[in-house]
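Note that these values count all heavy atoms, side chains included, but never hydrogens, waters or copies made by symmetry. Index from 1, following the sequence.
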Amino acid sequence: MSPWTGTVALITGASSGLGRQLAGELGRRGARVGLLARREAELAEAAREVEAAGGRALPLPADVGDVAAVRAATARLHEAFGPVDLLVVNAGVGGSGPVERIDPERHAKVIRTNLLGAIHAVGCVLPSMLQRRSGKIVAVSSLAGWRGLPGTAAYSASKAALSTYFESLRVDLRSHGIRVTVVDPGFIDTPMTAGRSGLPLLVPVDVAARRILRAAERGAPTLAFPWPLALSLRLVRLLPARLYDPLAARAAWFAFQPAGGRPRSRPNP
Ligand SMILES: NC(=O)c1ccc[n+]([C@@H]2O[C@H](COP(=O)([O-])OP(=O)(O)OC[C@H]3O[C@@H](n4cnc5c(N)ncnc54)[C@H](OP(=O)(O)O)[C@@H]3O)[C@@H](O)[C@H]2O)c1
């Protein structure tokens with residue numbers, strides 16, 4: 001029998017990509033899964049997949065940026081299946097582009113979803129975990145949070161803050177019997193990366209989901225993958241800004257050339 005059999009899990013961002021795959025994997029292991037995201041039709045499909053795999057599912061349409069909606073969704077799940085044993089904080093939006101096209105509203109949305117959405121979800125679930133002195137929390141962050149990557153200021157910042165936030169919680173929650181795993185993936189083959197070419201070491205979504213569940217099962221404090229990309233980023237992290245900045249600017253210059261358009265001026269070295 002799987003350790004997840006009978007587990008009550010809440011997954012944010014369960015309507016597509018990694019969250020939906022995690023839901024299916026948990027369903028296959030006999031878990032009862034609350035699926036939270038905004039798109040109702042996709043949630044209903046994801047719920048059918050979980051049930052077809054052998055689990056039970058409850059679609060919870062909500063926007064993670066709306067704390068009242070997340071609280072109501074958590075209460076519905078509690079009523080239907082009982083208290084949450086596993087919270088997967090996964091809802092996220094990407095965002096990249098040249099600095100000339102910075103859009104404050106778009107950046108605010110990235111921070112609201114990726115960081116505040118995670119804070120809302122954990123804040124709604126934690127009281128019952130603390131009361132029961134047990135539970136697991138998985139925070140899906142990103143290797144993009146390990147350094148301020150070019151062209152992704154809001155996304156990198158949201159993931160750096162997310163990792164730090166959950167690292168603090170991990171330390172605080174140790175003595176309360178609650179395990180926190182901070183996951184930093186590289187590129188995963190999901191709708192978020194669809195249509196982007198040349199992504200290095202793209203990981204299939206089912207491989208990523210299984211790795212994450214294994215780490216959560218062990219109560220691992222962190223998981224970063226694929227390892228060659230994680231190792232490269234670890235080394236990049238050690239570079240002083242004087243070396244990092246011109247190298248990263250050069251990479252951004254190549255990444256954001258308009259296809260077939262007038263080339264942007266070369267960055268100063
Ligand atoms: N794919 C990658 O290469 C990669 C790499 C590192 C980290 N990650 C992280 O992995 C997580 C999952 O991403 P993915 O690749 O699976 O992308 P995805 O397929 O686009 O899935 C994103 C999920 O987040 C949900 N979501 C977005 N905004 C939301 C909101 N305001 N409220 C509730 N749910 C919301 C979406 O559902 P609705 O639109 O239905 O709301 C969807 O279910 C993200 O946190 C992402 O940053 C991805």
Side-chain angles (χ1 to χ4, degrees), residues 1-37 40 42-62 64 69-91 117-118 120-140 166 169-170 172-183 205-223:
M1 194 169 74
S2 160
W4 300 113
T5 307
T7 290
V8 177
L10 173 61
I11 303 178
T12 70
S15 62
S16 84
L18 183 60
R20 185 157 166 172
Q21 186 73 33
L22 282 165
E25 296 287 343
L26 283 166
R28 205 158 297 135
R29 292 160 177 75
R32 293 170 289 168
V33 192
L35 306 156
L36 191 149
E40 297 197 24
E42 282 77 358
L43 277 184
E45 259 176 54
R48 278 195 290 277
E49 285 165 15
V50 171
E51 302 225 328
R56 291 185 62 200
L58 182 68
L60 299 164
V64 289
V70 176
R71 189 164 288 122
T74 314
R76 276 191 59 204
L77 180 62
H78 194 292
E79 210 172 288
F81 292 158
V84 172
D85 305 299
L86 168 69
L87 169 66
V88 183
V89 169
N90 165 79
H120 293 161
V122 78
C124 293
V125 166
L126 210 44
S128 94
M129 284 188 175
L130 284 167
Q131 206 177 15
R132 291 179 302 126
R133 297 189 63 80
S134 82
K136 287 180 190 286
I137 297 169
V138 173
V140 180
F166 280 92
L169 285 190
R170 190 175 68 223
D172 289 339
L173 293 172
R174 251 180 94 81
S175 58
H176 294 270
I178 300 165
R179 291 281 169 264
V180 177
T181 303
V182 178
V183 180
V205 68
D206 56 324
V207 173
R210 283 196 293 271
R211 290 204 64 170
I212 292 170
L213 283 186
R214 273 200 303 274
E217 218 170 287
R218 291 197 314 272
T222 59
L223 169 68

> Could you pull out the closest heavy-atom pair between R133 and S175, with the gap in Å?
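What the structure gives for the nearest pair is NH2-O, 2.6 Å.
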> Just how far is it from atom CG of D85 to atom CZ of R132, taken to the nearest 0.5 Å?
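Nearest 0.5 Å value for the CG-CZ distance: 5.0 Å.
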> Would you indicate whether the side-chain heavy atoms of I11 and L26 approach each other to under 4.5 Å?
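Yes, close enough: below the 4.5 Å cut-off.
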> So L60 and T74, side chain to side chain contact (heavy atoms under 4.5 Å, CB included) or not? Walk me through it.
CA-CA 8 Å; L60 299 164; T74 314; over 6 Å; no
> Once rounded to the nearest 0.5 Å, what's the spacing between atom CG of L58 and atom CD of E51?
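With rounding to 0.5 Å, CG (L58) is 9.0 Å from CD (E51).
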> Are the side chain of T12 and the backbone of N90 linked by a donor-acceptor contact shorter than 3.5 Å?
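It does hold such a pair.
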> Checking T7 side chain against A9 main chain: does a donor-acceptor pair fall under 3.5 Å?
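Not a single qualifying donor-acceptor pair exists.
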> Return the CG to CD1 distance between D172 and I178, rounded to the nearest 0.5 Å.
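Interatomic distance, D172 CG to I178 CD1, rounded to 0.5 Å: 10.5 Å.
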> Any side-chain heavy atom of H120 within less than 4.5 Å of one from V64?
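The answer is no, as the side chains (C-beta and beyond) never meet within the 4.5 Å cut-off.
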> Rounded to the nearest 0.5 Å, how far does OG of S15 lie from CD of E45?
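Spacing of CD (E45) from OG (S15) equals 10.0 Å.
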> So, the side chain of T5 versus the backbone of R29: is there a donor-acceptor pair under 3.5 Å, distance only?
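Side chain of T5 to backbone of R29, a donor-acceptor pair under 3.5 Å: yes, one is there.
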> Is the number of heavy atoms from other residues, nucleotides or ligands within 6.0 Å of CZ (R210) greater than 12?
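Counting other residues, nucleotides and ligands, CZ of R210 exceeds 12 neighbours.
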> State, to 0.1 Å, how close R20 and E49 come at their nearest heavy-atom pair, and which atoms those are.
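Heavy atoms only, the tightest pair is NH2-OE2, 2.6 Å.
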> Which pair of non-hydrogen atoms, one from G13 and one from A91, has the smallest distance, and what is that distance?
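Smallest interatomic distance, heavy atoms only, reads N-CB, 3.6 Å.
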> I would like to know whether L126 and L173 meet side chain to side chain contact (heavy atoms under 4.5 Å, CB included); could you show each step before the answer?
CA-CA 10 Å; L126 210 44; L173 293 172; 3.9 Å; yes
> Using a 3.5 Å distance criterion without hydrogens, assess whether the side chain of S134 forms a donor-acceptor pair with backbone atoms of G177.
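No; judged by distance alone, with no hydrogens or angles, the pair does not exist.
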> Taking all non-hydrogen atoms of both residues into account, name the closest pair between V8 and F81 and its distance.
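Distance-wise, the nearest heavy atoms are CG2-O, 3.4 Å.
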> Which atoms form the tightest heavy-atom contact between V89 and A118, and what is the distance?
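Reported closest heavy-atom pair: CG1-CB, 3.1 Å.
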> Would you check if the side chain of R170 reaches a backbone N or O of V182 as a donor-acceptor pair within less than 3.5 Å?
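Between the backbone of V182 and the side chain of R170 there is no qualifying donor-acceptor contact (under 3.5 Å).
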> Give the minimum heavy-atom separation between A121 and V70, together with the two atoms involved.
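Answer, listing the atom of A121 first, then V70: CA-CG1, 3.9 Å.
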> Can you measure from CG (L43) to CZ (R48) and round to the nearest 0.5 angstrom?
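It is 11.0 Å, given to the nearest 0.5 Å.
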> So E25 and R28, salt bridge (charged side-chain N to carboxylate O under 4.0 Å, His left out) or not? Walk me through it.
CA-CA 5 Å; E25 296 287 343; R28 205 158 297 135; 3.4 Å; yes
> Using the rule side-chain contact (heavy atoms from CB on, under 4.5 Å), only one of V84, V125, L35 pairs with L77; which is it?
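Going through the options one by one, the only one that passes is V84.
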> With side chains defined as the heavy atoms from C-beta onward, is the minimum distance between M129 and I137 less than 4.5 Å?
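M129 vs I137: side chains touch.
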> How long is the straight-line distance from CG of L213 back to CG of L223, given to the nearest 0.5 Å?
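Going from the CG atom of L223 to the CG atom of L213 covers 10.5 Å.
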